[in-house]
Every structure is written in C-alpha cells, then in structure tokens.
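Let me begin by presenting the structure, written as structure tokens, before commenting on it.
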4 protein chains.
Amino acid sequence: MSVMPFRGGAAREAELLGAVLEVLRETGYDRLTVDAVVARARASKQTVYRRWPSKAELVVAAFVNAVSGGPAVPDTGSLRGDLLALMDVLLDELDELGDVIAGLLGELRRNAELAAAMEQHYIGARRRSLLAVFERARARGEVSPEADVELLWQAGPAIVFFRALVSGEPVDRALARRIVDRVVLPLL
Amino acid sequence: MSVMPFRGGAAREAELLGAVLEVLRETGYDRLTVDAVVARARASKQTVYRRWPSKAELVVAAFVNAVSGGPAVPDTGSLRGDLLALMDVLLDELDELGDVIAGLLGELRRNAELAAAMEQHYIGARRRSLLAVFERARARGEVSPEADVELLWQAGPAIVFFRALVSGEPVDRALARRIVDRVVLPLL
Amino acid sequence: MSVMPFRGGAAREAELLGAVLEVLRETGYDRLTVDAVVARARASKQTVYRRWPSKAELVVAAFVNAVSGGPAVPDTGSLRGDLLALMDVLLDELDELGDVIAGLLGELRRNAELAAAMEQHYIGARRRSLLAVFERARARGEVSPEADVELLWQAGPAIVFFRALVSGEPVDRALARRIVDRVVLPLL
Amino acid sequence: MSVMPFRGGAAREAELLGAVLEVLRETGYDRLTVDAVVARARASKQTVYRRWPSKAELVVAAFVNAVSGGPAVPDTGSLRGDLLALMDVLLDELDELGDVIAGLLGELRRNAELAAAMEQHYIGARRRSLLAVFERARARGEVSPEADVELLWQAGPAIVFFRALVSGEPVDRALARRIVDRVVLPLL
DNA sequence: TCATAAGCGAGACGGTACGTCGTGTCTTACG
DNA sequence: CGTAAGACACGACGTACCGTCTCGCTTATGA
C-alpha cells in the first residue's frame, strides 16, 4: 500500500535534489539536516546516501543542479549591455543562493572533488560566458590588446562576492553598473 | 599553596583565545571542538561559555584577536610599494587563516553581530589601511580626482578572496603584482 | 559483512538493562553514569534515551527487570517456614540492591510514575506472595479471624527496610526469625 | 556600606541552616543546590563550605537542627496515649521532612559519619522517647516480661516509614491507631 | 590610632555528568 | 532488488552543579 507511485532512479534523484533546495531555502545550509530533506521527500536516508556519500555532496549536487546550464551568453549588441546582463544574473543567484555558497565554502576547501564540481558547473560556466562576451567584443575591436582578460573577467564577480559574502555590504544593480563602468570597461 | 598563580579574567581570556588558535592551526575549523579547546587550555566549558555564547562566537573572537590591530599602514614611498605591501599582508593572512574564514562565512550570514565584529576588526581595519594609503597618494597627486576610491580599495582584496575562497585558483605575490599593476594603478 | 549480528529492539533493551546492573554493582547508584552504561553496552546515548527519558527511569527499569517475577510463593508446609523463606529472599535482595533502593527513594517521591512502577513490580510482587502465604495459612486455620492481615504482611518487610535503610542496624536471618516468631506469628 | 549587620559565627550558622530548610521545603533535596542556599542566605559559598564539607553534611546539619531535641516524652497517663502521641509527632515530621529523608538515605549508606549523626539526633532521640514510654509502662506492669521491647519499639516507626517512603501508601492518624492497637499493644 | 589579620560577599574556575542533536551505517519489511 | 522507516554508534554541543579558589571589602583586634 504505497502512498506514492514508483519512480525510477533519475526521476527520484531530481525529487531529492528538489527537496534539498526547498529545505535550503527555508533553513539555510548549516541548519539543513539530512533528516529534514528525507522527511520532505518522503524518502529514506539510505536512498540519499546511496547516491551522495555525504551531506556536502548532496548539497553541492542540489546547488549545481539548480544553477546548471548557467547563464545563456547574452547578446545585447554592446559589451556594456552584455556585461550588465551577466552581472544581473550573478546578483540574482547570489541573492537566492548566497547562504548556500557561504555555507559550502568551508567544505570546498577540504574536498577537492567538491571544489572541482563547483568550479566546473558554477564558476566555470559563468567564466565561460564572460569570456565569450569579451571575445565577441574583441572581435568588434572594443577590447584593447594589452588588457589582461584572464584577470579582468573575475573583477566583477569578485567584487560582488566579496561584498555579499565577506564584507556584508549591499549588492544591487547600481553597484553592478558602477563596477562595469568604472572598473571593467576602463581597463579594456 | 596554590599550584598555579591566579590569572585575572582578561589574562584567562587571552589564554583561551590562544588555545583556540592552536587547535585551529592543528585541526582546522570544522574539526575544532570546544572540548579540545577546553582541554588545551585546561579550562572548563563554563569558562568558555561564560564569555562566548557559542562555538562560532568563540572562534570569531579568536580570529579577531589574532588579526586585530591590522596591518600597520606601510610607507614605502610609492603608492605601488604601499599597495604591494598591504597585499602581501593579506596574502599571508589568507594563507594562514583562509580555512577559518571560509568556515566562518556561513555563520556570519546568520549572525549580524558576528558579521559586524568581523567587519569592524578584520575587513574594516584593512579597508582603513588601504584608504589611508590612497589618501596619502592623493595628497601627492598620484590619484586621479575622478577615481572611485570607495570601490577601488576592495578590488584587490576581492580578487584575492575570490580566487582563494571561491574559484580555488592559486594566490601568490605574482598575482598581487598583476592586480596592482593592471587593475588598481591604471584606474587611479 | 557485519561484525555483529543484529539484535531486535527487545533484545537490545535487555542488554542495556543488564549493563545498568553491571555498572550498578560495580560503582553503586550515585556513581553510576549514563555514559558508563553506554560504554559498557557499546551503545549510544540516544539508544538509551530513546527508551527511558532520564537516568532515574533507566535505573528503575533495570531494577524492576532484575527483581521482576518476584519470589515464587514458597510452600514449606508451615506458615512459619513460608514466612522465613520469603524474608530470606527479601534479605538477599536488600543486601544486593539496598544501595540502589536507597538511592532511588528520593526520585520516587517526585515521580509518581516511577513510584507506581516500583510498587507494581517490586513491593507489590512481594506483597502478593506474602498474602498468598497468609491466605493458605488461613485455609489451614492457622490464622486468627480478627488478624489485620492487610497491615501485618508489611510488618516484616517494614522492620527490615527500616533497619537496613534508615537506622543502619544489621539485618540477618536471626533478625528475620525474631520478627517472624515474636511479631508476625503471635499476632496471627 | 554593608546592607546587613555583622553576625558572629554561631548566629550566621543558624541563618544558613534556616536557609537550607527554606530551600528544602521549596524544592526538595535533590533539586536543592548549594548556590540556591547561598543566594537565599546572601552568603558566599566559602562561608558554607568553611562549616560543612559537602552538600550532604550541610543538609544533614539542617535536618538535625530542625528535629533536634526530639519529641518530649509524653505523659498522657496511659501507654496507649503515650504511643499515639509519639506516633503523631513522627507523622508530622515525616509529612514535612519525608522528602529530605528520602533524598538523604542514599548518602547515609555511603557516609558512616553522616549516618551516625542521623542515628544519634533523629532516630536515636525517637527511640529513646519510645523506650522511656515502654519503661514507664513496664514499671506500671503494663508490659509482659517476655516482650521483645528492643524489637518492638521500632515496629511502629518502621511501618510508617515503609509506607511513607517505600510503598507510597498514605500514612495518617487512623493508621497510627491501627498500628498501636493491633500490633504494638497486643504484643506487650 | 592605626595596621594587620580574619571572615565575608561575590563569583570565576576545573571538573564531571547530563540530555540533545546530527551524521552516516545498518536492519527490517514491503512491493 | 530498491525502497521507506527508523534504530543505531559515534561524537559534539551547551547546561548544570559541586567544591575550590581569588578578589576586595568590612569588621575586629593588637601595637
């Protein structure tokens, strides 16, 4: 007498990760407990631990699942517009998942595999989008040849992360505009 | 016939925070337990919890105590030299206490009081040093009047934190030099 | 490849109570620690506290478990023999578990549920045995009709408890004989 | 600017014991804490521990102080009246201090000195009163020569203690009368 | 008259136990 | 065989109480 139809492995996996996100949104990362996730998904702990070996991996999986795909490379016609569009996406994500990221940073320092997953699916995806935007601008001649693009792409995200996670200052679109207009663009 | 001299409250406090740092250095933030600290300091849990209401506050206190005072404002004669000196301090601190910071960021998001303490004694102290350096440079005419100093001071720290804590890229003096020469100075 | 066979809840419960008794015998009631019990049984505190909400309830459960069943109703052929047999059982129990009883009396006064359990399984069982002996004697005509059996059954136990727990006088078989011959039997 | 006049050692001692009794009456023996006593008496812990080496000794001292002197030997003219008068005193004391006695019994088993103090000042005093009453009755010829007075004096107290502390049955004057009329007097 | 000791309040301290919580492993019973 | 349910060992948390200690003040006594 099951109260729920059987669901294959992949579908169940998505449900579990969804439950993780729900609990994350309600309680934050470190108040999240595997028991809460399991109760939310009407699952068993074994069902979770069969797939992810620890709470950290579970949360990273849910996080990556939530942000995966990453931002589409925008095409507003101007470099400035593209940059602002990407910064907006970053801001929204930080707003929603900043707690999760902050909670995970400690784990990432100790678990290279987790760190690699985050780099690959989160930071990496955003880096690739930014670099694509820069590349297109370079093709249009908007980028000075001696600009250190490998360093510059992360100036914007870095400042936003720094304020959101470390210094606690507000991050909003005005800030994004300031960064783009007074830091990134002048250096290109 | 006491086997040990009496130590006033303030002295005991310093000993406790010292024990926290020792344990932090040996075991890392997340493996740190209050019991370990207490054993190290030959203290009782009450002695700790009388002063700091939770493990997080204890660790923040130890961190703040370790970095407080902040970097002396350097005076190498040139803006570039001063900036590099400050970046070096930042790098050393991150190297030594990066794990602690990463572990604490989650707590800071949920505890405004802790966040304020960190901002006041850690980030704030470094911001004040950097701004003092900028101010001196401005007096010497090395800073363009329209430079957004309030934003620029954090470009260096932000990039360093971003790489050290979020993207996992290496941070070293070469990077510091790159940041100063290709981001901060050009924008001034 | 489990290193130990699974034991159902009921079996585990018996093991835990056994560990309590072991620790009781070794260290006495007041020195008994839940941690010691847990270590002895290779159990977790949760496993204990899941079943019994406090140390007191745990100890009462172990005590009740140890004495439950109570003394078989003896049948020596004579009332005097039966009474002496029951008193002997009482003496042995007091000798072995007197410390535990003395330690528990304080708790029992504040916890009616615990007191009821003790009355039901310890005192009650002994009362029932004594009354059965009296009843059989009455059937044989050895009991005067106007004897206050409801009061008399507890004269023996009461004196023994009084001396063992309160006044600190020795209790031995000679005393038991004295009580039976000079108090109980004459009043019947 | 002291808020309280100085009190010599003996007077302070009585105040402290009074505070113990107050706290005992409010919270019972095992919920009593030395800190509570100290707060109640506006005293310092050292002031308590200078006089009594442990909580148990403190409470026993307060108890003995409260019941000291013991019951005056009554003289109602009849043995029965005298016995009932003494039983009434016992009942009142048990009613008021039963919790304390129950809480202390565990300690007494482990601390012979404490047990001796209780026996001397509490049980002993009551035994002496009862024996005096028996002795007077014997002089009047009310006591059979072969009665085991050394055993009989404790029948009444024992049954009362047993019911009050162990079996949890009610103790009242009707019970006292029953004990005197159906147990003690018939055996004399 | 003043200092010097003794008792005191206040309360911090080391130690030990408590009862709670969370993780990751495990067993059972069901479908 | 995968699952829901949930017991379990382990280990950390934060609280409570005991008995010892130090401090600084007040009182009592002796020079």
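Predicted, not measured: the structure shown is a model, and the values here were computed from it. Below, chains carry the letters A, B, ... as their sequence lines are ordered, and counting in each starts from 1.
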On the nucleotide [N], are OP1 or OP2 found under 4.0 Å from the side-chain N or O atoms that [X] carries?
| X | N | value |
| --- | --- | --- |
| C:Arg42 | F:dA9 | no |
| D:Arg12 | E:dG9 | yes |
| D:Arg51 | F:dG19 | no |
| A:Arg50 | F:dG2 | no |

Q. Who pairs with D:Tyr29 by ring pair (Phe, Tyr, Trp, His ring centres under 6.0 Å), at least two apart in sequence or on another chain?
A. none
Q) What residues form a ring pair (Phe, Tyr, Trp, His ring centres under 6.0 Å) with A:Tyr49, not counting sequence neighbours? A) none
Q: Taking side-chain hydrogen bond (donor to acceptor under 3.5 Å, both in side chains) as the test, write out the residues that go with C:Asp99, two or more places apart.
A: D:Arg109
Q: Using side-chain hydrogen bond (donor to acceptor under 3.5 Å, both in side chains) as the criterion, list what pairs up with C:Lys55, not counting sequence neighbours.
A: none
Q: Could you encode protein contacts along nucleotides 11-17 of chain F as a string, one character per nucleotide from 5' to 3', using B for base contact, S for sugar-phosphate-only contact and - for no contact, with a heavy-atom cut-off of under 4.0 Å?
A: -SBBBBB
Roughly how many Å is it from [atom1] in [X] to [atom2] in [N], rounded to a whole number?
| X | N | atom1 | atom2 | answer |
| --- | --- | --- | --- | --- |
| D:Glu57 | F:dC18 | CD | P | 14 Å |
| B:Leu16 | E:dC13 | CG | C1' | 11 Å |
| C:Arg40 | F:dC10 | CZ | P | 15 Å |

Q.
Looking at every heavy atom in both D:Val37 and D:Ala19, which two are closest together, and how far apart are they?
A.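 Looking at all heavy atoms of both residues, the closest pair is O-CB, 4.0 Å.
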Q: Under the salt bridge (charged side-chain N to carboxylate O under 4.0 Å, His left out) rule, collect the residues that match up with B:Glu22, sequence neighbours excluded.
A: B:Arg40
